[in-house]
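Data first, discussion second: the structure below is written as structure tokens.
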There are 2 protein chains.
Amino acid sequence: MPADAHPAVTLEHVARAAGVSRATASRALTGGGPVSTETQRQVRAAARALGYVADPVARALVSGRGARVVVAVVSDCTDVSCWYLARVVTAGAQVLTPEGLGIGVVPVPRQRPAGVLDALARDRTIGGLVLLNTTREVLAELPRGLVGRTVSIGVGSATVPAVDVDGAAAARRRVEHLVRSGRRRIAMITGPSWLPCTHRPVAAYRAAVQAAGLPVRVVPGGFCAADGAAGAATLLARWPDIDAIVASCDEVAFGALSTLRRSGRRVPGDVAVAGFDDVPAAELTDLTTTTHPVADIATAAVRTVLDGVRDEQRFFPSELVVRASA
Amino acid sequence: MPADAHPAVTLEHVARAAGVSRATASRALTGGGPVSTETQRQVRAAARALGYVADPVARALVSGRGARVVVAVVSDCTDVSCWYLARVVTAGAQVLTPEGLGIGVVPVPRQRPAGVLDALARDRTIGGLVLLNTTREVLAELPRGLVGRTVSIGVGSATVPAVDVDGAAAARRRVEHLVRSGRRRIAMITGPSWLPCTHRPVAAYRAAVQAAGLPVRVVPGGFCAADGAAGAATLLARWPDIDAIVASCDEVAFGALSTLRRSGRRVPGDVAVAGFDDVPAAELTDLTTTTHPVADIATAAVRTVLDGVRDEQRFFPSELVVRASA
DNA sequence: TTGAAAGCGCTAACAG
DNA sequence: CTGTTAGCGCTTTCAA
């Protein structure tokens, strides 16, 4: 291996430059112990001058808190939320990379999560955990060793902070838009019922249609096009007079659109359709939808684990995007 | 921090179980030194019995070859290939996670890559590099310290192995399909000309149309919808009689479709359009296209860096998917 | 062929 | 408040 230009500046160099021991330098830099303000100032100055960056690998080795953050995807079928997962992982990678860390992905079986969760807790290479599509059961089974370095994208708990999109507002905005444009029999196809973070949009939909004096018409769904197709079929069978559908996500909206087309309904003439996510295909197919700032959410989630925050609940805004379908 | 169930089995345990020293156990497991066949067998057996997995963090610390693989995206504008990048990163993460490793992403400026590349070579936290959208210039500037642990998705070099989709076959298949279905004035909108891996499809297109005795009609493009829209406009201005367009990717096909629609051309009646990638939106919009096995490619790429392969050139097959547009 | 010993860069006990 | 002393788990000289 040829000699590389600058053989990397270590804590030793910083300590020497500041005229202190390695231990003191470490304390000054990490804030993990008593240091005089003056010493801290000097050490920090030396570190900055030398362009010092702590080696996360060494840090991980000694502290037992690994050099990577892992996204744990709770799900039955792994690639349900392929697009969603990919965006979360990529955004997370972008945050972690400059910190010298990496990101990983691991599937967690919804029914018996304990095995995987315990293995994760025991794995010394893991620094933090991002739970995706989690349930209260999974949250309850979270090993204590993971508390304090786990964040949930979705629903949280007393010990696990959560970040998510403001799905309630997204549902409300779509209903209000539909009401404004004259729709009166607005139905909803929900997300998977086992996923707690999908309950808020449903509640918001209920509240919004009732506030407008309109009937509540809900059918259970999921996140796939097939769920949307089936959901729309159920809706048409049960309430043939519906004039609008609010879908749990764009994919479901696409499925609903195909059912509507096949049944001879015109969109938006007979039935308006509104999705959620604003995936690239939504623009191409002129689907009215609401945005899902996945990158912002993933960024915040990773920052939260890195900072070791224990209680927080953040919701990111979702904007209405009006196109041809509603 | 509470005591976790099984405090992880280390090399020490394996060595003791096999009745040898840590050093010998290490040699037996890594193959990094002389060991008797018998000892090796015993150590390996002990390791398997105990479920030993070497801690990549510790290994990274001592060897200086970090605990993560980084995807270096060469590009002018970062999110050009957002969908593509996201799939590569996610697939890579899935391969690396079980190995105890993580994945990262870093942008590399196409014009002056040296700075970033040198920093990467110096970074002890990096185990391997996956180059995305790379050029021969970047390949030439690759620091020696990175050789042997770098792979390119796209074009390779004498020292950098490459994996990619068989873009030539993808172009040929589309042209042949168009010829079979009676098209006679088949044009192509290319990818970005600075990207060498886009040259093969163009050459394949040329060869295929010429083999059919048809005229070559090429305009430069890129990978965005805007490039497709502009490319189609140029095509229509220069050769108003074209009856088919082969696009560098689906996104470009979508852009071309919008231009065709605006110009009053009917698809596929007047002009057929075929894309490349088979993104989810392609199915929704009934776009004829060819597949791009990104996950397979990324998986192979990561495996290649992990194995330290130095010369290899693998092309993954691309299948024609016939839909309504061609 | 093997073992003992050194050390990767860092943090965390424990004295001072 | 600070320095000294131990390691984290592994690979890799160097002797034996």
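Chain A is the first sequence line, chain B the second, and so forth, proteins listed ahead of strands; every chain is numbered from 1.
The side chain of A/T10 approaches C/dG9 more closely than any other nucleotide in the set C/dG9, D/dT2, C/dA5. Proximity note for A/S21 (side chain, C-beta onward) versus D/dC10, D/dT4, C/dG3: the nearest is D/dT4.
Along DNA chain C, the nucleotide nearest B/S63 and the nucleotide nearest B/Q40 are compared for position; the residue whose nucleotide lies closer to the 5' end is B/Q40. Residue A/T39 is the one, among B/R27 and A/T39, whose nearest nucleotide of DNA chain D lies closer to the 5' end (criterion: closest heavy atom). With DNA chain C read from its 5' end, the first of the two nearest nucleotides for B/R22 and B/S36 is the one closest to B/S36.
Counting only heavy atoms from C-beta outward, the side chains of A/T125 and A/R68 approach each other to under 4.5 Å.
Rounded to an integer number of Å, the gap from NE2 of B/H13 to C1' of D/dC8 is 13 Å. Taking atom CZ on B/R124 and atom C1' on C/dC8, their separation rounds to 6 Å, with Å as the unit. The CG-P distance, from B/L11 to C/dA4, rounds to 14 Å in whole Å. Between A/R65 atom CZ and D/dG9 atom C1' there is a gap of 18 Å when expressed in whole angstrom units. Rounded to whole Å, atom C1' of D/dC8 lies 15 Å from atom CG of A/D123. Atom CZ in A/R41 sits about 17 Å away from atom C1' in D/dC1, given to the nearest Å.
When all heavy atoms of B/A47 and B/L29 are compared, the pair lying nearest together is CB-CD1, 4.2 Å. The shortest heavy-atom contact between A/V165 and A/I297 is N-CD1, 3.5 Å.
Contacts between residues 43-62 of chain B and DNA chain C, defined by a heavy-atom separation under 4.0 Å, are made by B/L61, B/V62.
Remark: the backbone N or O of A/V57 is paired with a side-chain donor or acceptor of A/D55 at under 3.5 angstrom.
The closest side-chain donor-acceptor pair between A/S157 and A/R136, if any, does not fall under 3.5 angstrom.
The rotation axes computed at either terminus of the helix from C/dT1-D/dA16 to C/dG16-D/dC1 lie 40° apart, taking five pairs at each end and rounding to 10 degrees.
Under 4.0 angstrom from either OP1 or OP2 of C/dT11 there lies at least one side-chain N or O belonging to A/S26. Distances shown here put a side-chain N or O of B/T24 below 4.0 Å from the OP1 or OP2 atom of C/dG3.
For the side chain to side chain contact (heavy atoms under 4.5 Å, CB included) test, residues two or more places apart in sequence or in another chain that qualify with B/D296 are B/P293, B/F316. Under the salt bridge (Lys or Arg N to Asp or Glu O under 4.0 Å) criterion, B/R87 pairs with no residue, sequence neighbours left out. Remark: A/R22 engages A/E12 in a salt bridge (Lys or Arg N to Asp or Glu O under 4.0 Å) (not counting sequence neighbours). Applying the salt bridge (Lys or Arg N to Asp or Glu O under 4.0 Å) criterion to A/D164, with sequence neighbours excluded, gives no partner residue.
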